[in-house]
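To start, the structure under review is shown below, and the notes come after it.
Counting convention: from 1, in listed order, for ligands and their atoms alike.
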Amino acid sequence: ENNHKDNSRGGLIVLEGLDRSGKTSQSSRLLSHLEGQGLSVESWRFPDRTTCVGNMISSYLTNNSQLDDRTVHLLFSANRWEKRSLMESKLRSGTTLIVDRYSYSGVAFSSAKGLDIDWCKAPEAGLLAPDLVVYLDIPPEKAAERGGYGGERYEQLEFQKKVSQYYNVLCDPTWKIIDACLPVDVVEKQLKEFVMNSIAICQKGKPLSQLWS
Ligand code: DGP
Ligand code: NA
Ligand code: NA
């Protein structure tokens, strides 16, 4: 197994990007690859629509309910908080988590509505910090061309343009950016390389840390 050291752990790998940037299909390719390497790995996504909070979020996203912008922001955050302890125990037990969207989506999507960015970051502080953030970079116009959007609340070009601007604000030099317009196999190859490096560092006992605190 991976437990060469007591403090060996799994990696917290986060994929971010606009809607239709390819995160979901890349996560599943990555999952198969890592499983094939014999690693303990799970694929997660936020929002996790299976919980009570997630149900409220899902109903909002599908336009089956209306919620105040700050209220929905806090629900998305609560949806990450309700998974925090499980996330920590999985990582400590050596399982790598590939997470499709995290706090950066939280901040980028809510700021794009006009909410103050620092107000948006505040409830995310203290969640586990990712070991790796990979941003699948796609121009909003290109994303919109990809077979159209599914019709959920945020899936509109003008809104996605604003989200992309806020991702730019959040992006720091530790993020790995992949051009999501490249062929899927090329994106997959680049992603694997970033992820394998990050997991190796976590296996050597990199301490867990907290986001924005
Ligand atoms: P997905 O299941 O990845 O398609 O996400 C659903 C939609 O919700 C998508 O448009 C991105 C958006 N979203 C994801 N996380 C958050 C969040 O924390 N806050 C807000 N406001 N929107 C989010
Ligand atoms: Na979506
Ligand atoms: Na998505």
Side-chain angles (χ1 to χ4, degrees), residues 12-31 42-84 87 97-130 133-144 146-171 180 191 211-212:
L12 179 53
I13 311 296
V14 167
L15 301 188
E16 287 283 359
L18 297 180
D19 286 289
R20 307 209 53 94
S21 55
K23 294 182 307 312
T24 305
S25 69
Q26 288 296 336
S27 333
S28 75
R29 285 165 173 251
L30 182 59
L31 178 72
E42 288 181 14
S43 167
W44 285 26
R45 68 181 307 142
F46 289 109
D48 175 344
R49 303 189 193 209
T50 66
T51 69
C52 290
V53 173
N55 267 306
M56 292 176 72
I57 294 170
S58 183
S59 146
Y60 170 81
L61 288 170
T62 54
N63 292 303
N64 288 307
S65 68
Q66 309 304 321
L67 288 168
D68 168 82
D69 288 344
R70 287 181 180 78
T71 306
V72 83
H73 180 77
L74 295 172
L75 288 177
F76 273 107
S77 184
N79 188 230
R80 286 181 279 276
W81 277 101
E82 65 183 338
K83 304 305 287 283
R84 189 197 185 286
M87 183 179 261
L97 303 177
I98 304 161
V99 182
D100 185 340
R101 297 193 180 284
Y102 198 54
S103 301
Y104 313 99
S105 286
V107 176
F109 280 76
S110 290
S111 298
K113 296 172 170 176
L115 299 185
D116 177 74
I117 190 166
D118 291 322
W119 187 90
C120 291
K121 284 169 102 166
E124 307 296 319
L127 288 171
L128 295 174
V133 179
V134 178
Y135 184 71
L136 296 188
D137 190 21
I138 188 169
E141 295 80 1
K142 284 267 188 273
R146 288 190 168 179
Y149 290 126
E152 285 204 335
R153 186 179 288 266
Y154 298 141
E155 297 180 344
Q156 293 169 23
L157 179 57
E158 289 312 309
F159 186 73
Q160 297 280 326
K161 284 183 187 168
K162 287 188 193 142
V163 174
S164 140
Q165 288 166 3
Y166 281 100
Y167 269 128
N168 268 321
V169 173
L170 289 171
C171 179
L191 179 59
L211 199 56
W212 296 329

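Inter-residue side-chain proximity for V99 and M87 is flagged as met; some heavy-atom pair is nearer than 4.5 Å. Within the 4.5 Å cutoff, side-chain heavy atoms of S105 are placed close to those of Y167. Side chains of Y102 and L211 form a contact here, defined as non-hydrogen atoms less than 4.5 Å apart.
For ligand 1, none of its N or O atoms has an N or O atom of E155 under 3.5 Å away. Between D19 and ligand 1, at least one N/O pair is under 3.5 Å apart. Residue Y154 has at least one N or O atom closer than 3.5 Å to an N or O atom of ligand 1. Annotation: R101 places an N or O atom under 3.5 Å from an N or O atom of ligand 1; distance criterion only.
The closest non-hydrogen atom to atom 15 (N) of ligand 1, taken over F76, Y149, Y102, comes from F76.
A distance of 6.0 Å or more separates the ring centres of W81 and F46.
At least one heavy atom of R49 sits closer than 4.0 Å to an atom of ligand 1.
Surrounding CE of M56 are at most 12 heavy atoms belonging to other residues, nucleotides or ligands under 6.0 Å away.
In R80, the part holding a heavy atom less than 4.0 Å from any atom of ligand 1 is the side chain. The proximity of R45 to ligand 1, defined as any non-hydrogen pair under 4.0 Å, is limited to the side chain. Contacts of L61 with ligand 1, taken as heavy-atom pairs under 4.0 Å, involve the side chain alone.
Ligand 1 places these atoms under 4.0 Å from at least one heavy atom of G106: 17 (C), 18 (O), 19 (N).
Results of the side-chain contact (heavy atoms from CB on, under 4.5 Å) test with L12 over I98, V133, L128, L127 single out L128 as the only residue that passes. For the side-chain contact (heavy atoms from CB on, under 4.5 Å) criterion with F109, the lone passing option out of R101, K162, R153 is R101.
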